[in-house]
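Below is one structure, written out as structure tokens; the observations come after it.
Hydrogens, waters and symmetry mates play no part in the numbers below; they use all other heavy atoms, side chains included.
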Amino acid sequence: MSHDERVWRAIHLLELVSSSEDGSISAAEAREELSCDDAELDGYIELISTLADRERGLRAVIYRDGDTVAIMGDAAQMSPLRLSLGESIALESVLGTLDLGAEVTERLRDALVPDLLRNEVRRHLIGRDISFGSWYRKLAEAIADGVRCRISYRSHDDASPRERTVDPLDLETTTEAAYLVAWDIDKDAERRYRLERIEGVTFTEDSVVPHQRTSTSISESLARGAYRVVLELPHDEAERLSWAGIRSLEEAPVEGFMRVRVDVSSMRWLFDQVLAAGGSMHIVAPPEMIPRFVAYAQSLAVTTD
């Protein structure tokens with residue numbers, strides 16, 4: 001049995017006991033409802049004890065007294081779970097991949113996912129194909145608890161990941177990516193880290209130090225320390241671009257084309273975008289970037305005998 005299935009059954013047991021008139025049900029009833037044996041039932045009871053309200057310190061406790069399974073403690077007082085938009089996007093993105101059953105999936109979606117993300121017409125505005133990587137949950141926990149972290153991060157220009165010590169501040173999403181906003185301890189400055197490029201997260205024994213936020217958006221962050229580039233590409237392709245650093249779009253001298261002024265933080269990332277366009281996107285300015293692009297493209301060429 002998968003871990004997801006065990007969690008689902010443990011939560012279902014908590015629901016059964018909580019909804020009973022006296023806060024208890026028979027072990028036989030629990031085994032029948034969960035289609036499990038006695039040992040598995042004890043495992044679900046133990047799993048429930050790990051549930052807690054992080055903000056108020058309340059804990060749900062289910063115990064067994066002979067043939068009776070009962071609830072005690074603060075389970076009924078646990079606060080409702082309210083997710084941020086970013087957390088809701090992450091949940092909506094993975095719900096379909098979990099083997100929870102159609103009924104449970106819809107109940108979770110109805111309770112935790114905003115209508116905006118369940119509207120098929122508007123989902124594309126939120127960027128449903130965003131990759132949240134493998135560390136979203138742990139980073140959200142670090143932010144909630146105020147824990148300093150060490151992250152293993154590979155930027156677009158890095159051949160291998162490098163370790164950074166950071167104070168996590170926030171998790172943000174754009175139409176194309178999700179980011180950790182954090183204070184880089186070594187650089188003593190605010191930085192954004194694309195979640196899909198984080199390859200490891202370790203909690204330290206230190207708490208975060210309060211920092212004043214230095215930017216309010218990804219586009220502002222790009223504008224302060226980026227390369228400013230002018231690109232030329234077909235009209236329809238230009239209008240589909242959703243890069244955070246886009247500053248303006250205007251008609252190009254060539255009919256059917258547009259010029260896009262954009263701030264980018266990595267030349268290598270930009271060069272990869274131009275190459276991926278298959279010849280329809282061209283660098284117009286600054287002129288010194290053009291030979292650098294040519295050199296980069298040639299370095300990727302594979303030579304054969």
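Residues Arg31 and Asp38 are paired through a salt bridge, judged by an N-O separation under 4.0 Å between the basic side chain and the carboxylate.
If you take OH on Tyr296 and CG on Leu270, they are separated by 10.0 Å, rounding to the nearest 0.5 Å. Here the CZ atom belonging to Arg9 is positioned 9.5 Å from the NE2 atom belonging to His12, to the nearest 0.5 angstrom. Glu237 CD to Met281 CE: the interatomic distance, rounded to the nearest 0.5 Å, is 7.0 Å. To the nearest 0.5 angstrom, Glu40 atom CD is 9.5 Å from Leu34 atom CG. Atoms CZ and CG, on Arg191 and Asp186 in that order, are 11.0 Å from each other to the nearest 0.5 Å. Atom CG of Leu180 sits about 8.0 Å away from atom SG of Cys149, to the nearest 0.5 Å.
Scanning both residues, Ala238 and Leu249, for their nearest heavy atoms gives O-CD2, 3.6 Å. The minimum heavy-atom distance between Ala30 and Leu41, with the atom names listed, is CB-CD1, 3.9 Å. Pairing each heavy atom of Val229 with each of Val264, the nearest pair is CG2-CG2, 4.1 Å. Here the shortest heavy-atom pairing between Leu275 and Ala297 reads CD2-CB, 4.1 Å. Taking every heavy atom of both residues into account, Trp183 and His211 meet most closely at CD1-CE1, 3.2 Å. Taking each heavy atom of Phe257 and Pro234 in turn, the nearest pair found is CD2-N, 3.5 Å.
Within the 4.5 Å cutoff, no side-chain heavy atoms of Val262 are placed close to those of Leu241. With contacts defined as side-chain heavy-atom distances shorter than 4.5 Å, the pair Pro286/Arg228 does not qualify. Side-chain contact between Arg268 and Asp272 is present, with at least one heavy-atom pair separated by less than 4.5 Å.
Checked options Ile25, Leu16, Leu13; the residue passing with Glu33 is Leu16 (criterion: side chain to side chain contact (heavy atoms under 4.5 Å, CB included)).
Both Leu139 and Val147 are members of a single hydrophobic cluster when ILVMFWY side chains are connected at heavy-atom separations under 4.5 Å. Val166 and Val208 fall into different hydrophobic clusters, defined by Ile, Leu, Val, Met, Phe, Trp and Tyr side-chain heavy atoms under 4.5 Å apart, directly or through other members.
Legend: residues meeting salt bridge (Lys or Arg N to Asp or Glu O under 4.0 Å) with Arg261, ordered by chain and number and at least two apart, are Glu250. By the salt bridge (Lys or Arg N to Asp or Glu O under 4.0 Å) test, Glu255 is found to be paired with no residue, residues two or more places apart in sequence or in another chain being considered.
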For residues 199-207, tabulate all N or O donor-acceptor pairs below 3.5 Å that involve a side-chain atom, not counting sequence neighbours.
from: Glu199; atom 1: OE2; to: Arg154; atom 2: NE; distance (Å): 3.3
from: Thr204; atom 1: OG1; to: Arg148; atom 2: O; distance (Å): 2.9
from: Thr204; atom 1: OG1; to: Asp206; atom 2: N; distance (Å): 3.1

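Between the side chain of Tyr153 and the backbone N or O of Arg194, at least one donor-acceptor pair lies under 3.5 Å.
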